[in-house]
Amino acid sequence: MKKQKKRKRVIWLVIIIPIILTVFPIKFTKKANNNSEEEYYIASCISEGTTDAGVWIIIGNNEGMWEDEMPVIFNGKNPKNILSYDICNNDTEFIIYGKLSKKQDEEYYTLNSQRWEIYDEVRRGEYAYRIPFKHFITVYDLKWFDFLLTDKGYD
């Protein structure tokens with residue numbers, strides 16, 4: 001009798017914990033603050049069809065959105081190191097706090113990031129129906145869980 005109760009508890013835990021993790025936010029989205037004294041840029045990653053590649057494009061900064069996009073080389077804290085392929089490569093925009101620089105002999109600007117936030121809403125691509133929340137990410141949005149949602153990059 002005691003073994004059946006323990007087994008039922010374990011089964012309930014195995015069922016309930018993943019459900020709770022689906023709705024438990026670990027990072028909320030943020031709106032840009034044009035009055036911020038801290039330098040930041042609004043950027044998006046354009047995928048090249050793989051999990052590691054992609055080009056970062058700046059589309060605005062703390063003064064507002066730009067008409068023209070500017071490609072940059074990304075250094076420092078990078079959302080792609082933590083977030084899943086499905087979020088980073090589906091037009092999700094990020095607020096990147098840091099400095100933009102360019103050396104004279106380089107073609108592109110370099111964005112040296114200190115930290116980042118998700119701007120406005122999370123765009124999850126074709127797997128959005130599994131995690132419908134647009135204003136926060138859950139543990140399932142992390143890179144660790146890519147293999148559950150997509151086969152991209154895994155042979």
Side-chain angles (χ1 to χ4, degrees), residues 16-155:
I16 290 174
I17 289 175
I19 292 171
I20 290 172
L21 290 175
T22 301
V23 297
F24 186 74
I26 60 170
K27 189 170 188 121
F28 287 92
T29 61
K30 192 174 183 181
K31 295 278 187 183
N33 182 1
N34 291 347
N35 298 329
S36 174
E37 299 202 10
E38 193 172 11
E39 184 177 358
Y40 68 83
Y41 297 89
I42 299 173
S44 182
C45 184
I46 298 174
S47 172
E48 293 178 353
T50 66
T51 55
D52 295 327
V55 177
W56 282 96
I57 305 265
I58 294 179
I59 56 176
N61 65 0
N62 48 324
E63 295 174 3
M65 299 305 272
W66 300 348
E67 287 186 30
D68 297 326
E69 302 169 339
M70 182 174 72
V72 295
I73 296 169
F74 205 91
N75 285 333
K77 304 233 178 191
N78 190 334
K80 286 188 81 162
N81 294 339
I82 297 169
L83 296 177
S84 74
Y85 172 88
D86 205 43
I87 291 177
C88 287
N89 296 306
N90 280 299
D91 300 320
T92 299
E93 296 168 352
F94 298 91
I95 301 172
I96 310 293
Y97 297 91
K99 301 273 184 209
L100 191 66
S101 62
K102 183 178 181 183
K103 295 180 182 172
Q104 287 182 338
D105 57 338
E106 290 182 353
E107 184 178 342
Y108 293 104
Y109 282 88
T110 301
L111 181 56
N112 297 306
S113 69
Q114 298 160 353
R115 64 187 174 90
W116 57 268
E117 302 283 342
I118 300 170
Y119 176 66
D120 196 27
E121 72 177 37
V122 179
R123 297 182 184 103
R124 289 183 177 86
E126 63 185 80
Y127 294 100
Y129 66 89
R130 295 188 186 183
I131 305 170
F133 309 110
K134 292 184 177 182
H135 297 293
F136 63 86
I137 59 172
T138 68
V139 70
Y140 295 109
D141 292 318
L142 300 178
K143 201 171 208 171
W144 308 336
F145 294 98
D146 265 354
F147 69 94
L148 293 175
L149 300 176
T150 177
D151 62 351
K152 293 179 175 128
Y154 299 95
D155 294 328

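Bear in mind that the values here come from a model prediction, so they are computed numbers and not experimental data.
In this structure, the side chains of Ile96 and Phe74 come closer than 4.5 Å at one or more pairs of heavy atoms. Looking at heavy atoms from C-beta onward, Val55 lies out of side-chain contact with Tyr108 at the 4.5 angstrom threshold. Using a 4.5 Å cut-off on side-chain heavy atoms (C-beta onward), Phe136 and Thr29 make no contact. Proximity of Leu142 to Leu83: side-chain heavy atoms (C-beta onward) are separated by under 4.5 Å at one or more points. At a threshold of 4.5 Å between non-hydrogen side-chain atoms, the residues Phe133 and Val122 do not count as touching. Looking at Ile58 and Glu69, their side chains never come closer than 4.5 Å, going by heavy atoms from C-beta outward. Between Met70 and Leu100, some side-chain heavy-atom pair lies under the 4.5 Å cut-off. The shortest distance between side-chain heavy atoms of Asn78 and Trp56 falls below 4.5 Å.
Nearest heavy-atom pair, Glu38 versus Arg115, reported as atom, atom and distance to 0.1 Å: OE1-NH2, 2.7 Å. A pairwise comparison of heavy atoms in Met65 and Ile42 identifies SD-CD1, 3.6 Å as the closest pair. Of all the heavy atoms in Phe94 and Cys88, the pair that sits closest is CZ-SG, 4.2 Å. Lys31 and Asp120 get closest at one heavy-atom pair: NZ-OD1, 2.6 Å. Nearest approach of Ile137 to Ile87, heavy atoms of both residues: CG2-CD1, 4.0 Å.
Under a cut-off of 6.0 angstrom, the local environment of NZ in Lys102 is crowded, with over 12 non-hydrogen atoms contributed by other residues, nucleotides or ligands. The neighbour count for Lys77 NZ, taken as heavy atoms of other residues, nucleotides or ligands under 6.0 Å away, does not exceed 12.
To the nearest 0.5 angstrom, Thr110 atom OG1 is 5.5 Å from Asn75 atom CG. Annotation: the span from Ser113 atom OG to Ile95 atom CD1 amounts to 13.5 Å, rounded to 0.5 Å. Put simply, NZ on Lys99 and CD on Gln114 are 7.0 Å apart, with the number rounded to the nearest 0.5 Å.
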Between Tyr119 and Ile59, is a side chain to side chain contact (heavy atoms under 4.5 Å, CB included) present by the stated rule, with each step listed?
CA-CA 12 Å; Tyr119 176 66; Ile59 56 176; over 6 Å; no
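The main-chain N or O of Glu93 is never found under 3.5 Å from a side-chain atom of Ser44 such that the two would form a donor-acceptor pair.
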